[in-house]
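To keep things clear, I will list the structure first and then write my remarks on it.
The figures that follow rest on heavy atoms only: side chains count, while hydrogens, waters and symmetry mates do not. Order of the sequence lines fixes the chain letters, A, B, ..., with proteins taken first and strands second; residue numbering starts at 1 for each chain.
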Amino acid sequence: MKYNALKGIHDIYPPDISLWQHIEKVAADIFTVFGFQEIRAPIIESTDIFVRSIGETTDIVEKEMYTFTDKGGRRITLRPEGTAPVVRCYVENYLYNLPSPQKYFYAGPMFRYERPQAGRFRQFFQIGAEAFGVAEPKIDAEILSMLKLLFERLGLRELCFQVNSIGCEQCRPGYRKALVSFFSDKLEGLCPDCTRRYELNPLRILDCKVDSCKRVRQDAPRVTEHLCSDCENHFGSLLSLLELLEVPHSINPDMVRGLDYYTRTTFEVTCEHLGAQNAVAAGGRYDRLVQEFGGPPIPAIGFAVGMERLVSLLKSSGEQNIPAPRTFIAVLGEDAGKQGLALANRLREQGIWTEIGYTGNSLKSQMRRADRLSAEYVLIIGDEEIASGNCKWKKLSDGSQGEIALSGVLAFFQ
RNA sequence: GUGAGUGUAGCUCAAUGGUCAGAGCACUGGACUGUGGCUCCAGUGGUUGGGGGUUCGAGUCCCCUCACUCACCCCA
């Protein structure tokens, strides 16, 4: 019987894994200098947590969640995103009593039951960050410049930073009304999906890809023109801070995020080389969620980076650094096999990556394997070497070789 | 959930309905009894995704099914 991984769920293994590790390391380093600390929230939570935060009528909650009942009859869901568990943790453990702001980052798998396509999987990894306790747009700008630095460090170019403000509970209802009245006499020009959106969530008509909908909405009211004065000031200062921090960006008033908890600032980082799923990172402010989860009214903002999308961009844009062993021990014969193994062990104890050949293989094939591994040195041990107490070394990059005492090998590599 | 496309060796791909389904790469060995890359030679590797049908004959045509891919939708 041959088994396959589940649809939309992929293994990650060498050589790709080194790229994943590299991204995770660079991200952790950058987040750390911005004062973010790692947080590890569970992968499964009560279903309710996601329903309440993401929104009952969103697609994620309505049809994309992996939900089951556990043996105790509890409704459980595999997290479809990372913010809700972090907020739950923040509130449950009274982390708002710690000095503000509290800033966290996380990395791990998320799950959504969707039809897989380029850049979209049922299990996908996100690296995300959340900052609690600052209402000022300063932190919004910091977060965006942190993302800019991350992508720069990873060597990514041609990214497009888009920002928007979708207002707050004060001004959004008014904007929604304005949209509804704008579209009320234009319904026949909209696609079937948008006529449904008109009822449920008219803001989503703004990011429909159908041409006729694009035409119909051309003169639709802009969210940025319907902000209350607080939101307008907030957005205005964010834009000027982005100038100050030299984060190139464009304002996209049609950008509507799919999660209900967002307020004010929303943003997306997209790349045209990604295909239909072109967002490599996205996020926004969620000033009401902590309170919604039973905490005090604490503002917050966060984002998530899509690992698979990032990996695919990095794979197509640069060459990978595949890690290589420092030395390869080629052995000829039983005794040499044993001595080589013992030597390998001593080298490894010193933190030197050592590979060893197996006596069944010819020297030629062992050399070939050392070459394929890109080992820096090969040590050759056979009967002659055991008898003389020396072994041969060869540097593969230039072919130079020589002899050293078996007892001096450790020093040779240090 | 809807639509389209593709399934042949580990990978990338050939093969008018007609001998035994091939090539390159990779892997193993040899040429070079103990020295990698380059070259040459050989070997390993296939239920042509699975099932049914048409036919003297199916990798090729038809039907069903499964898987994958892309797009819609949705989103990281």
Item checked: 5′-ward residue of the pair Ala276(A)/Gly399(A) relative to RNA chain B -> Gly399(A)
Item checked: Position toward the 5' end of RNA chain B (nearest nucleotide), Gly119(A) or Gly275(A) -> Gly275(A)
Would you mind pulling out the nucleotide paired to [N], Watson-Crick or G-U wobble, both distances under 3.5 Å?
N	value
U54(B)	none
A71(B)	U2(B)
C11(B)	G24(B)
U19(B)	none

[X] and [Y]: side-chain donor and acceptor closer than 3.5 Å?
X	Y	answer
Ser400(A)	Asp398(A)	yes
Asn278(A)	Thr270(A)	no
Thr265(A)	Ser165(A)	no

Which of the following nucleotides, [options], is nearest to the side chain of [X]?
X	options	answer
Arg372(A)	C68(B), C72(B), U28(B)	U28(B)
Arg112(A)	U69(B), C75(B), A71(B)	C75(B)
Arg368(A)	C74(B), C72(B), G37(B)	G37(B)
Arg120(A)	C68(B), C70(B), C74(B)	C74(B)

Between [N] and [M], how many Å separate the two [atom1] atoms, rounded to a whole number?
N	M	atom1	result
U19(B)	C56(B)	C1'	15 Å
A9(B)	U47(B)	C1'	13 Å
U39(B)	U12(B)	P	23 Å

Next item on the list: Please state whether the phosphate of C68(B), meaning OP1 or OP2, lies under 4.0 angstrom from any side-chain nitrogen or oxygen of Lys7(A).
Entry: yes
Next item on the list: Considering just the side-chain nitrogens and oxygens of Gln117(A), establish if one lies under 4.0 Å of OP1 or OP2 belonging to C70(B).
Entry: no
Select base, sugar-phosphate, or nothing to describe what [X] touches, counting heavy atoms under 4.0 Å on all strands.
X	value
Thr58(A)	nothing
Tyr113(A)	nothing
Ala279(A)	sugar-phosphate
Arg197(A)	sugar-phosphate

Notebook entry, point to check: Going through the distances and angles, do Lys148(A) and Glu152(A) end up as a salt bridge (charged side-chain N to carboxylate O under 4.0 Å, His left out)?
Noted result: CA-CA 6 Å; Lys148(A) 180 197 160 207; Glu152(A) 265 174 19; 3.6 Å; yes
Enumerate the protein-to-nucleotides 31-35 of chain B contacts in which both atoms are nitrogen or oxygen and the separation is below 3.5 Å.
{"unit_1": "G34(B)", "atom_1": "O6", "unit_2": "Glu384(A)", "atom_2": "N", "d": "3.3"}
{"unit_1": "G34(B)", "atom_1": "O6", "unit_2": "Glu384(A)", "atom_2": "OE1", "d": "3.4"}
{"unit_1": "G34(B)", "atom_1": "O6", "unit_2": "Glu384(A)", "atom_2": "OE2", "d": "2.9"}
{"unit_1": "G34(B)", "atom_1": "N1", "unit_2": "Glu385(A)", "atom_2": "OE1", "d": "2.9"}
{"unit_1": "G34(B)", "atom_1": "N1", "unit_2": "Glu385(A)", "atom_2": "OE2", "d": "3.0"}
{"unit_1": "G34(B)", "atom_1": "N2", "unit_2": "Glu385(A)", "atom_2": "OE2", "d": "2.8"}
{"unit_1": "U35(B)", "atom_1": "O2", "unit_2": "Lys394(A)", "atom_2": "NZ", "d": "3.3"}
{"unit_1": "U35(B)", "atom_1": "N3", "unit_2": "Gln401(A)", "atom_2": "OE1", "d": "3.2"}

Check: What distance do His249(A) atom NE2 and Phe161(A) atom CZ have between them, rounded to the nearest 0.5 Å?
Finding: 11.0 Å
Note to self: A quick test of your reading: do over 12 heavy atoms of other residues, nucleotides or ligands sit less than 6.0 Å from CZ of Arg326(A)?
What the structure shows: yes
Check: In terms of heavy-atom contacts, does CD of Glu56(A) have more than 12 from other residues, nucleotides or ligands at under 6.0 Å?
Finding: no
Checklist line | Side chains of Phe183(A) and Pro202(A) in contact at under 4.5 Å (non-hydrogen atoms) | finding: no
